[in-house]
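Read the numbers this way: they start at 1 and go in the same order the structure lists the ligands and their atoms. Hydrogens, waters and symmetry mates play no part in the numbers below; they use all other heavy atoms, side chains included.
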Amino acid sequence: MDALDEVLWVFLPYITIAVFILGHVYRYATDQYGWSSKSSEILERRWLGVGSQLFHWGILIVFLGHIVGLLVPPGVTLAMGVTDEEYHRVAMILGGASGLVAYVGAWILLLRRSLISRVRATSGASDFLVLALLVVIMSLGLYNTLYYDVFIHPFGYRTTIGAWLRSVLTLRANPSYMINVPISFQLHIVFAYVLFLAWPFTRLVHMWSYPVFYLKRAWILYRGRRISGVVANA
Ligand code: HEM
């Protein structure tokens, strides 16, 4: 293990986590009015609708897959009666399909922002950076899932990358798990660091503002107002 391994798998993950948390606190304290996804729906609706739906539904499943695949130790799924082969088959089909859906969505959003002049004119560098990073990270993820694992060699990421990630999150980072991980998997993670480092300073902060409480809020009652026999809308 050399110094680069220490930097990549011990130093950088903690720097990334610290910047991610403190960056959000800073952004919230200094830019509450800019805390949004800066909707561009008014400029173009059709491609936004398609791209956004595909991206968000796909990435939701990919995200849940990452949580289970990386944070749940293989022993737990085995104890639940799921063999390693069964797990990987389902992960590949579900992860691959949802990854492809999200990937098509991200490309549509990137092309829309680049090719439609009025959307491009109102976009900042960080808007392009976010979409480009998503495309790069997902290209590598899909290459690993649908090409490397299938045509080169099935890679046991749960006992290597998963074990490393759990060691980082429990504050006992162990870089030795990452040493023999293929380069395309390592690059996938390093580009994810870049995304997480940029996250608090981009439109991605809107993810924390999804209006879930809206579903539980009390009804707002609109009543007609009667003015001398005529009903006027309040
Ligand atoms: C430190 C963070 C991350 C780690 C450790 C990680 C790890 C992995 C691993 C191990 C795979 C499975 C490869 C295989 O099946 O052999 C994968 C696939 C994938 N990742 Fe990530 N990933 C991270 C962040 C991200 C992010 C931020 C995105 C979204 C932009 C992403 C998108 C994908 C996609 C689309 C796939 C392929 C489909 C799938 O298997 O779900 N990953 N990633």
Quiz prompt | Atom indices of ligand 1, in the order listed, that fall short of 4.0 Å to a heavy atom of Ile59 | solution = 29 (C)
Practice problem: Find all atoms of ligand 1 within a distance of less than 4.0 Å from any non-hydrogen atom belonging to Ile161, and give their numbers and elements. | Solution: 5 (C), 10 (C)
Exercise. Classify the contact between Tyr148 and ligand 1 as side chain, backbone, both or neither, using a heavy-atom distance cut-off of under 4.0 Å.
Key: neither
Quiz prompt | Side chain, backbone, both or neither: Leu70 near ligand 1, heavy atoms under 4.0 Å | solution = side chain
How are the rings of [X] and [Y] set to each other: parallel, tilted or perpendicular (split at 30° and 60°)?
{"X": "Trp208", "Y": "Trp199", "result": "tilted"}
{"X": "Tyr157", "Y": "His88", "result": "perpendicular"}
{"X": "His188", "Y": "His66", "result": "tilted"}
{"X": "Tyr147", "Y": "Phe151", "result": "tilted"}

Practice problem: Could you tell me whether the side chains of Ser167 and Arg172 share a donor-acceptor contact shorter than 3.5 Å? | Solution: no
Exercise. Search all heavy atoms of Val135 against all heavy atoms of Ala106 and return the closest pair with its distance.
Key: CG2-CB, 4.1 Å
Quiz item: Mind checking whether Arg120 and Leu115 have side chains closer than 4.5 Å, heavy atoms only?
Solution: no
Practice problem: Answer yes or no: is there a side-chain heavy-atom contact under 4.5 Å between Ser52 and Phe55? | Solution: no
Exercise. Determine, for Tyr87 and Arg158, whether the Lys NZ or Arg CZ falls below 6.0 Å from the six-membered ring centre while staying within 45 degrees of the axis.
Key: yes
Quiz prompt | Of the listed options Gly95, Gly69, Ser98, closest to atom 38 (C) of ligand 1 (non-hydrogen atoms) | solution = Gly95
Exercise. Pick whichever of Val130, Leu195, Thr145 has a heavy atom sitting closest to atom 15 (O) of ligand 1.
Key: Thr145
Quiz item: Of the options Leu133, Val130, Leu195, which is the one that meets Thr202 in a side-chain contact (heavy atoms from CB on, under 4.5 Å)?
Solution: Val130
Quiz item: For Met178, which of Leu8, Thr160, Ile189, Leu165 qualifies under side-chain contact (heavy atoms from CB on, under 4.5 Å)?
Solution: Ile189
Practice problem: Below 2.8 Å of atom 21 (Fe) of ligand 1, tally up the protein N/O/S atoms for me. | Solution: 2
Practice problem: Could you tell me whether atom 9 (C) of ligand 1 has a protein heavy atom closer than 4.0 Å? | Solution: no
Quiz prompt | Heavy-atom nearest neighbour in the protein, as seen from atom 30 (C) of ligand 1, with distance rounded to 0.1 Å | solution = Leu134 CD2, 3.5 Å
Exercise. Write out the residue and atom name of the closest protein heavy atom to atom 16 (O) of ligand 1, then the distance separating them to 0.1 Å.
Key: Asp149 OD2, 2.2 Å
Quiz item: Out of curiosity, is Tyr193 lining ligand 1, as in a heavy atom under 4.0 Å away?
Solution: no
